[in-house]
Every structure is written in structure tokens, then in C-alpha cells.
Amino acid sequence: MRWSQAFIPTLRDDPADSEAVSHKLLVRGGYIRQLMAGVYSMLPLGQRVRENVMRVIREEIDAIGGQEFLLPQLHPREIWDRTGRAETMKDIMMSFDDNKGSPMVLGPTHEEIFATVSRELTSYKQLPQLWYHIQTKFRDEARPKSGLLRVREFTMKDSYSFDVDQEGLDVQFDRHFDAYHRIFKRLGMNAIAVRASSGAMGGEDSVEFMVASEVGEDEVAHCEACGFAANVETATSVIPQISDTDGPTEIKEFDTPGVRTIADLETFPGGAPADRQIKTLVYFVDGEPVLILMRGDHQLQDQKLMDHLQTADLRPAQPEEIKPLLGADAGSLGAVGVTDVRIVADEALRDRLAMTTGANTNDRHLSGVAMARDITVTEWADVRTVQPGDGCPTCGEKLTVFPAIECGHIFKLGTFYAEPLGVSVLDEQGKTIPIVMGSYGIGVERNMAVSVEVNHDDKGIIWPMEISPFHVIITVVRPDDEATLEAAETLSNALEASGFAVLLDDRNERPGVKFNDAELIGVPLRVTVGPRGVQSGILELLDRRTGQSVDVAIDDVFDRLVELISSPGAQA
RNA sequence: CGGGCUGUGGCGCAGUCUGGCAGCGCACUGGUCUGGGGGACCAGGGGUCGCCGGUUCAAAUCCGGCCAGCCCGACCA
């Protein structure tokens, strides 16, 4: 491919409406253009990378026995009503009536549709099956953001497994687990598998694949010592015991004028350190008030609370709802003597003595509070947010917590879809049994973007060889020099004839412009061909990743390039 | 959905407060020179100033309404 004839609109400046590095670089590099919020056009370079990502995914899923389908994007809403997801997913479903007035949706995912096709499975002898497709999904996200990282129209590889029993599902799930690790590695990403809650997908068990990144929307707690990893929405940790034997044993109420926060009370004369305070939060759960008690220096993890309470209907109380309930405003709240409100206490408070907490009278607090003696706890639960430095729940070493992007998610669905959709086979005894399903998703464009997030420098993108739009870029320093252009074309033709993708930069531009563009678009290998080199028989070979260049005899360049392209770890 | 910010040529922006010829840089076209890290000079082309309405002799600028995009939060595979 000659750059002079290609449509690669690179930009010198960052686009004004971008924040994420991948967004800036993919726009500047001429890979993508935005059409509207959360909807992007793939330009030729972007489409090449997208195809490469899909190829990698396809190879790995085929390798574990996947059969490729292509299911429609346009669905009757009725099929989504049957599983109840028309309701649970209504906020993100693109929904409309066709010209006859029939309710339609654009598919946000395809469990229902694959399950419908699978009704033609009739016998246990046909199982297991592994089906997948790579298809456009539509999700009307409330807030698309960060370029390709969070969009409303995107491509996803989703596979679905069908088995007679849980053991079969486990096998297919584990195969995906391994295949996904291979995929992310080939995309140049270090993905960490974390246990997650299944959310709206339904089902029993799920694992998210997370890649550490500043632009991540999730937080992952990770133990480098033993490999434990969990989304902070579910993560637990161990923390040191605190000895309370030196504190007051009798409850005493005292004035605390102006004290409104944990930090205020730490510095107030006669106050207490945060880890000797009880923080009292007021929430409404399924419309009923609930007190949540936390150690003063701990943060509530909403998702853990929701999981514990088995509800999604959870909100903090409004200030005007608090005073009628407890008799004081936030800042002076406590649970001592409260018996008519449900009280959930965090495990970190169990058996604590000599604590300080609000007195339910404005500007008054209590000291010497003993949890067991003074507070009528309805239930104990671990609802604390894991902090960096907490102990790992499996090995006790220190945990790190970092932001991460979800790059893939695999689910054990069980019979969640099979039962409402009537998906079953006959077993060996001729008995009807529901098919046990799994589903496994990877977002194509999101992974493109994440690969850029973790593979770039201040000059631009640095693609992993497998998904780079080109294997090699040949920068012709003086395309008006006949011998130079001819040498470059000879090399380019030889590489292309061997099946490699080559971008020949034959534009009549200053060398600096071409070098900068080459680095921006991120092709991993660059050969510089100029009159000087052609005359001396030496060409410069530059490794984009290391920035190191080596001089190679013109007759050896082809072999050297083939070697480098074929062995991803090698350096020029 | 709540809060904030922004819409002016392909891209990045000034001009809006204080109404009066629509500008700058990059990019683009033709030319001369230059030629291994975003080069110089000469000559050019390109804009419904987000949309609708109002005020005014006159609106990018003032007023009202709407739309779109970005960021933070809520929500979310």
C-alpha cells in the first residue's frame, strides 16, 4: 500500500473532545472518526486493526471448537419479554416499532437469539455444542465516553456453550478462560481474571478479564504474592485486630459543637481516632430505612451491601429523611438505643469496645460504646471497601488496588435462558432436561482501544505485531530520487509477495513529517530508505517499541524483517 | 437523569463582555527553493459563525427556545 494513495488522515493536534490516550491517538492517527456520541466510523487503518483483532479472536475460539454463526441485529421485542430482559435491560435497549407497528429492538447481546436457534437441539447426543458469532451490538449507554472504550454501537464476539450438565459447562467455561488469556496476550495486554457479580446477565458464576489502566471504570484488588484478584465490588480483605482494652468502658455523652465529620471528631478535644469511631449511614433499601454501621476510617461498598441484602433498590437517605428517623442531622448520628430500625453492622466492628459515635442529638457524641452491649445489631455483614495495603484474604500479603478496564466477561448461565425459552434435550433415559448454557463475550473495538492504552508512548501508538495495520512501514526519504524509490519498491513488493502488510510512505513530504506520522500510527517496524543508504548499501531498521535502530545491509533487510515479524519477542 | 463546559473553514483556536468588512495557526491548491526528525518564500481556494425565533438601521456578538458534543456524578456487559 502506497501512503500517497491511501486515506490516512493524521492530525497534528489532539482533538478537542478527547481525554483518553487511546481516543486521542486513534483519532490523530487516522483510525477512527466520530459520527455522534458513542458511534464511530472505522477508517481504513482502524478497519485493518479491527479485522486483525477479530482474526485473533476467531482463531482462538475456533481452536476450542467454536462454530461461527451470524445472528441478526434486529429482534422482535417479544423474545426479550419472554426472559424478562426487555424490562431489566430497557434503559440500554434501542427499541422502536417497525412500520407495521410491531415492537422491535436492536440486539444488545444475543443469549435469547442463540437460545432460540438451539431449540433444534433435541438429543443429549448432540451436546456439547459451542456456537459463536462476531456481530454488532447496540446499547444505548447513558454516557458514552473515552472514544472506543464506551460506545453505543460496537462489535462483540459472543460465544454460547450448550451442555447436558454442570460438569460439561465447567469444561467449556475453563476452555474459554484459557482461550481468553491467549487472546489478550496476543492483543498485547496483560489481563487479570477476577470473580465478578453477574449483574443483569443472569446466571450463577462469572469471571471478568481486567486490564490495569488509568481510564478504567472498575477497581480491582490484586495480590501479587498469590495471584488473588477481585473486583472491589466483591473483594474482601483481612485487617489487623484493634485492641480496645485501654479505652473507657462506660458510656458517656459529651458536647461536640460544630463536629460534623469523622475527621472533625479525630481532632476535637476528647474525640477519638477514626478507627475508634462508628460511622452511621442511613440508606433506604426497598423503600425501608436501614442503618449501616462502619468503622470511621472505612468506606461502604454499595455493591457488597446490595449483594448482602439481595436487592438493587438502594439509595442514601436525603437529609430531610434523617432527622425524623433518628432525631439528629448527619454528623451526630448513632445507633445506640435504636431498636426500631434495621441495623447492618460491618464485620470490622464486631466485638469492638470503647467506641465513639453520634448521640442522635445534634452536637452531642457518645464515648465508651461497646458494640455487643450497646447496639442492637440486626445483622453483621462484610460491606467494607477494600483498601490498598489490606491483607489478601487468601495469603495475607498486602493487596494493591488499581483502576482497570473490563476486556472480557465469561458467564455460567446455567438454565436461566433455557427454561423460559424451552431449550431442552432428551437424556439417555428419554427424559426432558434443560440445556445448561454459558456465554462468553469480548468487545472488539474496546480491546483495540485498550491495546492502545497499554501500548503507546509520547510519540504515538505501538501496535503488537499481530494486530498492527501493517507489519512494516518503509519510509522513502527522497521519493523523487529514482534509485531510492526503486529500492524501496523492490523491498515492498518482495514483502507483500510473501504475505506481509507493507505501508510504503512515498509521499513528497519532509522526512520529519513522515517519521512522526510513522511513529503516530504505530507500525512496529520501520525501514528508512534514502539516497545515502541506497548508495552505501545500508538501510536503517527501526524498532518502534525500543526506539533503537540498526544498520542492515540492503541485501539482508528482507530476511531480517521476516525474522522480526515472525517472532514477536525479538528486537531489531 | 442532575451539575459544569463548549459549538466560528478539514483540525486547533481568537473574536462574543462593549452589536458595525469573519480572523489566526496548521492542513489544502499552484509555483520557486529545500531535502535523514513536523523547512522557507510567493500567489491562492475554502466558513448556512449548531438550529429556530425575537430585538435592532445593523447580530458570530444582545434576548428566548431548542439541538448537539465533551467532562464530573448517577446508571451500566
Side-chain angles (χ1 to χ4, degrees), chain A residues 7 9-20 23-24 27-28 30 33-40 85 88-93 107-111 137-147 149-152 154 156-158 196-203 206-210 215 217-218 231 233 302-303 306 312-316 405-411 413 439-443 446 459-460 475-481 484 505 507-520 526-536 538-540 542 547 549 551:
Chain A
F7 183 65
T10 59
L11 265 26
R12 189 178 293 218
D13 301 313
D14 283 337
D17 56 4
S18 63
E19 290 288 319
H23 186 194
K24 291 179 184 182
V27 172
R28 280 188 57 207
R33 287 296 184 263
Q34 184 176 48
L35 183 63
M36 58 177 168
V39 180
Y40 285 83
R85 292 211 299 177
T88 57
M89 296 184 90
K90 69 175 188 301
D91 289 342
I92 62 159
M93 257 205 292
T109 174
H110 283 79
E111 279 81 3
K137 315 282 174 175
F138 297 87
R139 296 188 186 178
D140 197 0
E141 295 289 345
R143 185 144 101 81
K145 56 187 266 198
S146 307
L149 287 172
R150 187 165 202 78
V151 293
R152 301 198 292 168
F154 62 100
M156 179 187 247
K157 184 289 298 176
D158 40 325
S197 92
S198 296
M201 299 300 292
S206 84
V207 169
E208 292 172 333
F209 292 84
M210 307 294 263
V215 295
E217 298 181 294
D218 291 284
N231 195 312
E233 289 183 349
D302 291 7
Q303 188 64 49
M306 283 191 253
D313 182 3
L314 178 78
R315 66 171 177 84
I405 307 174
E406 181 188 344
C407 289
H409 202 158
I410 59 178
F411 297 85
L413 299 175
S439 87
Y440 317 87
I442 289 186
R446 176 180 284 188
K459 292 172 178 166
T475 301
V476 188
V477 172
R478 287 286 303 274
D480 56 334
D481 181 80
T484 301
D505 192 354
R507 293 175 300 167
N508 187 21
E509 286 288 351
R510 308 284 300 187
V513 173
K514 300 207 266 194
F515 292 148
N516 283 316
D517 271 348
E519 280 148 7
L520 175 62
R526 185 183 91 201
V527 178
T528 310
V529 182
R532 223 164 58 192
V534 170
Q535 200 152 43
S536 60
I538 301 285
L539 298 184
E540 180 194 304
L542 182 99
S549 64
D551 291 335

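Because the structure is predicted, anything quoted here is derived from the model rather than measured. Numbered from 1 within each chain, the chains take letters A, B, ... in sequence-line order.
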Please report the distance, rounded to the nearest Å, between CE in Met93(A) and P in rA77(B).
12 Å
Looking only at side-chain N and O atoms, does His110(A) offer a donor or acceptor that is under 3.5 Å from a partner on Lys137(A)?
yes
Per the atom types in the model, does the base of rG37(B) pair as donor or acceptor with the side chain of Asn516(A) at under 3.5 Å?
yes
Reading nucleotides 41-49 of chain B from the 5' end, what letters show protein touch, with B for base, S for backbone sugar-phosphate only, - for no heavy atom under 4.0 Å?
---------
Given atom CZ of Arg315(A) and atom P of rG2(B), what is their separation to the nearest angstrom?
18 Å
Measure from the side-chain heavy atoms of Asp17(A) and tell me the nearest of rG38(B), rA74(B), rG69(B).
rG69(B)
The side chain of Phe515(A) is closest to which nucleotide in this list: rG36(B), rG12(B), rA77(B)?
rG36(B)
Footprint string (nucleotides 23-34 of chain B, 5' to 3'): B base within contact, S backbone only, - free, heavy atoms under 4.0 Å:
---SSS-----B
With heavy atoms under 4.0 Å as the rule, sort Arg28(A) into base, sugar-phosphate or nothing.
base
Out of rA77(B), rG38(B), rG35(B), which has the shortest distance to the side chain of Arg478(A)?
rG35(B)
Roughly how far, to the nearest 0.5 Å, is the NZ atom of Lys90(A) from the CG atom of Asp140(A)?
13.0 Å
Residue met sooner reading RNA chain B from 5', once Arg143(A) and Gly512(A) are mapped to nucleotides
Gly512(A)
Touch check for Thr484(A), heavy atoms < 4.0 angstrom, all strands: base, sugar-phosphate only, or nothing?
nothing
Under 4.0 Å between any heavy atoms, over every strand shown, what does Lys514(A) touch: base, sugar-phosphate, or nothing? Just pick one.
nothing
Would you say Thr109(A) and Arg139(A) make side-chain contact, with heavy atoms under 4.5 Å?
yes
Does Gly441(A) reach a base, just sugar-phosphate, or nothing at all? Heavy atoms under 4.0 Å.
nothing
Is the number of heavy atoms from other residues, nucleotides or ligands under 6.0 Å of Glu217(A) CD greater than 12?
yes
Could you check whether Ala37(A) gets within reach of a base, just the sugar-phosphate, or nothing at all, counting any heavy atom under 4.0 Å?
sugar-phosphate
Listed nucleotide nearest any side-chain atom of Ala142(A), set rG38(B), rG12(B), rC75(B):
rC75(B)
For Phe154(A) and rA77(B), is the gap between ring centres under 5.5 Å while the planes differ by less than 30°?
yes
Measure the spacing between CG of Asn516(A) and CZ of Arg12(A) and express it to the nearest 0.5 Å.
8.5 Å
Considering only heavy side-chain atoms of Pro511(A), the closest of rA77(B), rG38(B), rG37(B) is rG37(B)
May I have the distance from Gln303(A) (atom CD) to rC75(B) (atom C1'), rounded to whole angstrom?
12 Å
Distance below 4.0 Å between Gln34(A) side-chain N/O and rA68(B) OP1 or OP2:
no
Check every atom of rG12(B), rG37(B), rG69(B) against the side chain of Met36(A) and return the nucleotide holding the closest atom.
rG69(B)
When we call it a touch if two heavy atoms are under 4.0 Å apart, what does Arg526(A) touch: a base, just sugar-phosphate, or nothing?
base
Please test Val27(A) against Arg33(A) for side chain to side chain contact (heavy atoms under 4.5 Å, CB included), starting from the C-alpha separation and ending with a verdict.
CA-CA 6 Å; Val27(A) 172; Arg33(A) 287 296 184 263; 3.6 Å; yes
Any base atoms under 4.0 Å from Gly443(A), or only sugar-phosphate, or nothing? Heavy atoms, all strands.
nothing
